[in-house]
Amino acid sequence: MEVQARAPGKIILSGEHAVVHGSTAVAASINLYTYVTLRFSTPSDNQDSLKLELKDEGLDFSWSTSKLKELFPESTEPQSPKPPSFSVESAKSIESLIEGLNIPEAKISIASGVSAFLWLYTSIHGFKPATVSFTSELPMGSGLGSSASFCVALAAALLACTDFVSLDLKQQGWQSFQERQLDLVNKWAFEGEKIIHGKPSGIDNSVSAYGNIISFKSGNMTHMKANMSLKMLITNTKVGRNTKALVAGVSERTLRHPEAMAFVFNAVDSISKELALILQSRASDDVLSVTEKEEKIEELMEMNQGLLQSMGVSHVTIETVLRTTLKYKLASKLTGAGGGGCVLTLLPTCILFILLQWSV
Ligand SMILES: Nc1ncnc2c1ncn2[C@@H]1O[C@H](COP(=O)(O)OP(=O)(O)OP(=O)(O)O)[C@@H](O)[C@H]1O
Ligand SMILES: C[C@@](O)(CCO)CC(=O)[O-]
Ligand SMILES: [Mg+2]
């Protein structure tokens, strides 16, 4: 049997990092996806191993079923749909499987993704021989939720081949999971994100699992109905960085300056709540024009970016993008964990007018 699943990446419009400390954040999925193909071996394959193919990286790994059985003896079909916690024993077992892989130094950051893969696969399908292949449209480590889309797509494919999820596997084309099943996929993906992010808030996997636009606070997600569309330019600084380290850095700064950082997080909470109100305001009760709404959103973006700088997660390349777009009176902010990665720039409705003026 072969199953293919996909999950989108995301942008965070406001609230990254502060959301880890209990503030509200607003995130939207984007139409760039990570794809996974899961194919269980048949007796005729004569394949007694679990194979992982990372197509974009040109990396292939495999582990013998006997080795997996030795390390995860208790791994059989999960008794409960809910994911177990990532135990110390599992961490040690997975670490031993990663050590033997000889991942090229330049791609060593892939190790956390391989660890998340091993834990999710063995927790759901034990040591069943299979070949699992990934490919993605998302730049890795760039703030667009590559880790979340990786974990959500994988959890969806793995659960689609269990009794916990009822899908018509004979139906051609993409199928969407029902709400209850999405909740299950999201819970498993969150455990995978913990392996990659360390202390994730859950917003990335939630917006990747459910799509569209959500607000998120302290583990609770709210589906938003945006009544205005926003055009965002995404600029990739091409500076790689590690979300886990950046999240840890903000937590360490919070320990050093608890009172000041509490005010920072409160300010971000207010920015996200105001942004959510503006995006959801209906035409009927509107006193603001689209341009006036966009101007308020531009200010909120600039304020959020300033607070992200105070958290220590901006970067010289991000500042360069900010300065460049400011020349054209455009507002920008980093998206995702920062430290490089991608920057959002709001392209207001009147942008065409600005460009025409400039070109004359
Ligand atoms: N397609 C993939 N295949 C294998 N591993 C992946 C893939 N996509 C992401 N990963 C894992 O996730 C890591 C990147 O996750 P990280 O959270 O640091 O960045 P991001 O998710 O792209 O950005 P952000 O979390 O800020 O949105 C990679 O280093 C790798 O370990
Ligand atoms: C930086 C962060 O807030 C968002 C990363 O896209 C981390 C998280 O919430 O898991
Ligand atoms: Mg991530």
Side-chain angles (χ1 to χ4, degrees), residues 6-30 32-37 52-61 98 103 106-118 120 132-154 189-190 192-208 214 216-219 221 234 236-237 239-251 265 268 272 304 308 311-313 334-344:
R6 70 175 187 177
K10 56 79 191 161
I11 54 172
I12 294 189
L13 293 164
S14 72
E16 52 271 276
H17 285 293
V19 67
V20 175
H21 299 270
S23 298
T24 306
V26 177
S29 61
I30 58 176
L32 296 175
Y33 292 84
T34 294
Y35 298 83
V36 60
T37 303
L52 171 60
E53 298 172 343
L54 303 181
K55 301 278 189 192
D56 306 330
E57 305 299 310
L59 294 174
D60 293 344
F61 304 112
I98 297 291
I103 298 173
K107 299 187 176 182
I108 199 62
S109 64
I110 208 88
S112 61
V114 177
S115 301
F117 163 75
L118 282 168
L120 285 167
V132 188
S133 306
F134 284 90
T135 182
S136 185
E137 296 160 339
L138 291 158
M140 215 182 282
S142 300
L144 298 184
S146 70
S147 66
S149 65
F150 172 82
C151 291
V152 170
L154 175 59
F190 184 45
E193 275 277 82
K194 286 178 185 174
I195 295 170
I196 299 173
H197 271 204
K199 187 191 167 199
S201 65
I203 188 170
D204 290 5
N205 46 279
S206 295
V207 71
S208 180
I214 66 169
F216 192 94
K217 182 183 175 83
S218 303
M221 170 187 69
I234 300 176
N236 189 348
T237 64
V239 172
R241 78 299 177 274
N242 174 291
T243 295
K244 186 172 187 177
L246 287 155
V247 168
V250 173
S251 295
F265 296 147
V268 174
S272 294
N304 194 172
L308 286 161
M311 293 179 217
V313 295
L334 67 88
T335 189
C342 289
V343 180
L344 299 182

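All of these numbers come straight from a predicted model, not from anything done at the bench. Numbering of ligands and ligand atoms starts at 1, following listing order.
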Per-atom contacts, ligand 2 versus [X] - under 4.0 Å to a heavy atom:
X: Glu16; result: 3 (O)
X: Pro200; result: 10 (O)
X: Ile12; result: 4 (C), 6 (O)
X: Ile203; result: 9 (O)
X: Val20; result: 3 (O), 7 (C), 8 (C), 9 (O)
X: Val19; result: 3 (O), 9 (O)

Which atoms of ligand 1 sit under 4.0 Å from any heavy atom of [X]?
X: His197; answer: 17 (O), 25 (O)
X: Ile110; answer: 4 (C), 5 (N), 31 (O)
X: Ser147; answer: 9 (C), 12 (O), 15 (O), 17 (O), 21 (O)
X: Gly336; answer: 26 (O)
X: Ser112; answer: 31 (O)
X: Ala337; answer: 26 (O)
X: Ser142; answer: 22 (O)

Would you confirm whether [X], through its side chain, and [Y], through its main-chain N or O, come within 3.5 Å as a donor-acceptor pair?
X: Ser206; Y: Gly202; value: yes
X: Asn304; Y: Gly15; value: yes
X: Glu137; Y: Tyr33; value: yes
X: Lys217; Y: Gly22; value: yes
X: Lys10; Y: Gly143; value: yes
X: Arg241; Y: Gly141; value: yes

Contact summary for [X] and [Y], nearest pair of heavy atoms:
X: Ile30; Y: Ile11; answer: CG2-CG2, 3.9 Å
X: Thr335; Y: Leu144; answer: CG2-CD2, 4.2 Å
X: His197; Y: Asp204; answer: CE1-OD2, 3.4 Å
X: Lys107; Y: Glu57; answer: NZ-O, 2.6 Å
X: Val152; Y: Ala189; answer: CG2-CB, 3.6 Å
X: Val207; Y: Ala28; answer: CG2-C, 3.7 Å

Part of His197 with heavy atoms under 4.0 Å of ligand 2, whether side chain, backbone, both or neither: side chain

Mode of Lys199 contact toward ligand 2 - side chain, backbone, both, neither (heavy atoms, under 4.0 Å): neither

Among all protein heavy atoms in this structure, tell me which lies nearest to [atom], with the distance rounded to 0.1 Å.
atom: atom 4 (C) of ligand 1; answer: Phe150 CE1, 3.5 Å
atom: atom 11 (C) of ligand 1; answer: Gly113 CA, 3.9 Å
atom: atom 23 (O) of ligand 1; answer: Gly143 N, 3.1 Å
atom: atom 13 (C) of ligand 1; answer: Ile196 CG2, 3.9 Å
atom: atom 6 (O) of ligand 2; answer: Asp204 OD2, 2.7 Å
atom: atom 2 (C) of ligand 2; answer: His17 N, 3.9 Å
atom: atom 9 (O) of ligand 2; answer: Ser201 OG, 2.6 Å

Ligand 2 contacted by Lys10 (non-hydrogen, < 4.0 Å): yes

Which segment of [X] sits under 4.0 Å of ligand 1 when only heavy atoms are counted:
X: Thr243; result: both
X: Asp204; result: side chain
X: Phe134; result: neither
X: Lys10; result: side chain
X: Lys244; result: neither
X: Ser149; result: neither

Any donor-acceptor N or O pair under 3.5 Å, side chains Thr34, Ser149: yes

Ser133 versus Thr37, side-chain donor and acceptor atoms under 3.5 Å: no

Got an N/O contact under 3.5 Å between [X] and ligand 1?
X: Ala148; answer: no
X: Ser109; answer: yes
X: Gly145; answer: yes
X: Gly141; answer: yes
X: Ser136; answer: no

Contact flag Ser147/the Mg ion (ligand 3), N/O/S atoms, threshold under 2.8 Å: yes

His197: its N/O/S atom lying closest to the Mg ion (ligand 3) (atom name): NE2

Parallel, tilted or perpendicular: rings of Phe117 and Phe134 (30°, 60°): perpendicular

Side chain to side chain contact (heavy atoms under 4.5 Å, CB included) evaluation trace for Ile12 with Phe216: CA-CA 11 Å; Ile12 294 189; Phe216 192 94; over 6 Å; no

Whether Arg241 lies under 4.0 Å from ligand 1, heavy atom: yes

Contact check, side chains of Glu16 and Leu334, non-hydrogen atoms, under 4.5 Å: yes

CA sep, side-chain torsions, deciding dist, call: Met140, Ile110, side chain to side chain contact (heavy atoms under 4.5 Å, CB included): CA-CA 9 Å; Met140 215 182 282; Ile110 208 88; 3.6 Å; yes

Distance (rounded to the nearest 0.5 Å) between Leu118 CG and Phe61 CZ: 10.0 Å

Side chain to side chain donor-acceptor pair (under 3.5 Å) partner of Glu193, the single match among Ser208, Ser201, Ser147: Ser147

Nearest neighbour of atom 22 (O) of ligand 1 from the list Gly339, Ser146, Ser208, Gly192, on a heavy-atom basis: Ser146

Lys55 atom NZ, over 12 foreign heavy atoms within 6.0 Å: no

